[in-house]
There are 2 protein chains.
Amino acid sequence: MSAAPDLLFRTLADPTRRAIFERLCREGEQTVGALTLRSGVSQPAVSKHLGALKQAGLVRDRHEGRQTHYSAQPGALNPLVDWTSQMAGFWQNRLDALDDLLKRMDQ
Amino acid sequence: MSAAPDLLFRTLADPTRRAIFERLCREGEQTVGALTLRSGVSQPAVSKHLGALKQAGLVRDRHEGRQTHYSAQPGALNPLVDWTSQMAGFWQNRLDALDDLLKRMDQ
DNA sequence: AAGATCCATAACCAGAAAGTTATGGATTTA
DNA sequence: TAAATCCATAACTTTCTGGTTATGGATCTT
């Protein structure tokens, strides 16, 4: 199985980090400074969160002069979607199997 | 906005706990003892994880004599699906907006 | 060139969290 | 009734993690 969901879940588990990612999704590319302003934490904390998001593939960075622009990379959420539908799928399969069983018993 | 995704992400971030949930999804209802066997951790640890999963609404428990049966509640994953598609949606909206802008400029 | 700004990294601290062993209540078995 | 089994909780330890302040390199401004 892919180890991808693990890193994604761990990365998105922190509220501050997830809020940063959400802002990037909603509002598009932002500099570290802009993100820091409404994050409620210090600039180094934001930088660290951005590093974690980047390592999980959830954001990209683009250097421009002395500032760094970050943007969301929502395709990185795909393993999460896959995992979720897989879980739902297992569930559904077992329901189907039960259904089949009941039908055969009914005959 | 709903605080639901937060608890879900936090709960599913732990690999051991997620593995337990996955097994319940794949194989259906299990007792604590059965889950403990292939979990790699002690029985109290499994009980604690099951408690966390239950609090997040991801599992149900059913008492039968001295054993407790747990089963997955995959509907609890819905807020996760919602959150994910919302993020993807924001992204798409911004792409559309950009597209519109370019079209208008093109005129 | 000097000063200011932006950001990343280092070093450190405190609280959260996952694991353990010990224990006890409830139920089943002998 | 006595012993064994199942599970949850308590108490404790250790590790991980998110936060801070301090600092420095790079770039922009004056």
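Residue numbering restarts at 1 for every chain, and letters A, B, ... go by the order of the sequence lines.
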Provide the closest heavy-atom pair for A52(A) versus T11(A) in the form atom of the first, atom of the second, distance.
-> O-CG2, 4.0 Å
Mind checking side-chain hydrogen bond (donor to acceptor under 3.5 Å, both in side chains) for [X] and listing every partner two or more places apart, or none if nothing turns up?
X      : value
D61(A) : K54(A)
S47(A) : Q43(A)
R94(A) : none

Residues in side-chain contact (heavy atoms from CB on, under 4.5 Å) contact with [X], at least two apart in sequence or another chain:
X      : result
S42(A) : P44(A), A45(A)
A19(A) : none
T84(B) : L77(A), L80(A), V81(A)

For DNA chain D, find the residues of residues 53-73 of chain A with a heavy-atom distance under 4.0 Å and give them by number; none if there aren't any.
-> G65(A), R66(A)
Partner residues of F21(B) under the ring-ring contact (aromatic ring centres under 6.0 Å, His included) criterion, sequence neighbours left out | none
Output side-chain donor-acceptor pairs under 3.5 Å for residues 64-74 of chain B, partner residues at least two apart or in another chain, one line each.
residue: E64(B); atom: OE1; partner: R62(B); partner atom: NH1; Å: 2.7
residue: E64(B); atom: OE1; partner: R62(B); partner atom: NH2; Å: 3.4
residue: T68(B); atom: OG1; partner: H63(B); partner atom: ND1; Å: 3.4

Which pairs pass salt bridge (Lys or Arg N to Asp or Glu O under 4.0 Å) with one or both residues in residues 30-42 of chain A, sequence neighbours excluded?
-> E27(A)-R38(A)
Atom pair distance, as rounded to whole Å: CG in L35(B) and P in dC6(D) = 14 Å
Taking only nitrogen or oxygen atoms into account, show me every contact under 3.5 Å that the protein makes with nucleotides 21-23 of chain C, one pair per line with its distance.
none

Collect all protein-nucleotide pairs involving nucleotides 14-18 of chain C in which both atoms are nitrogen or oxygen and the distance is under 3.5 Å.
residue: dA18(C); atom: OP1; partner: R17(B); partner atom: NH2; Å: 3.1

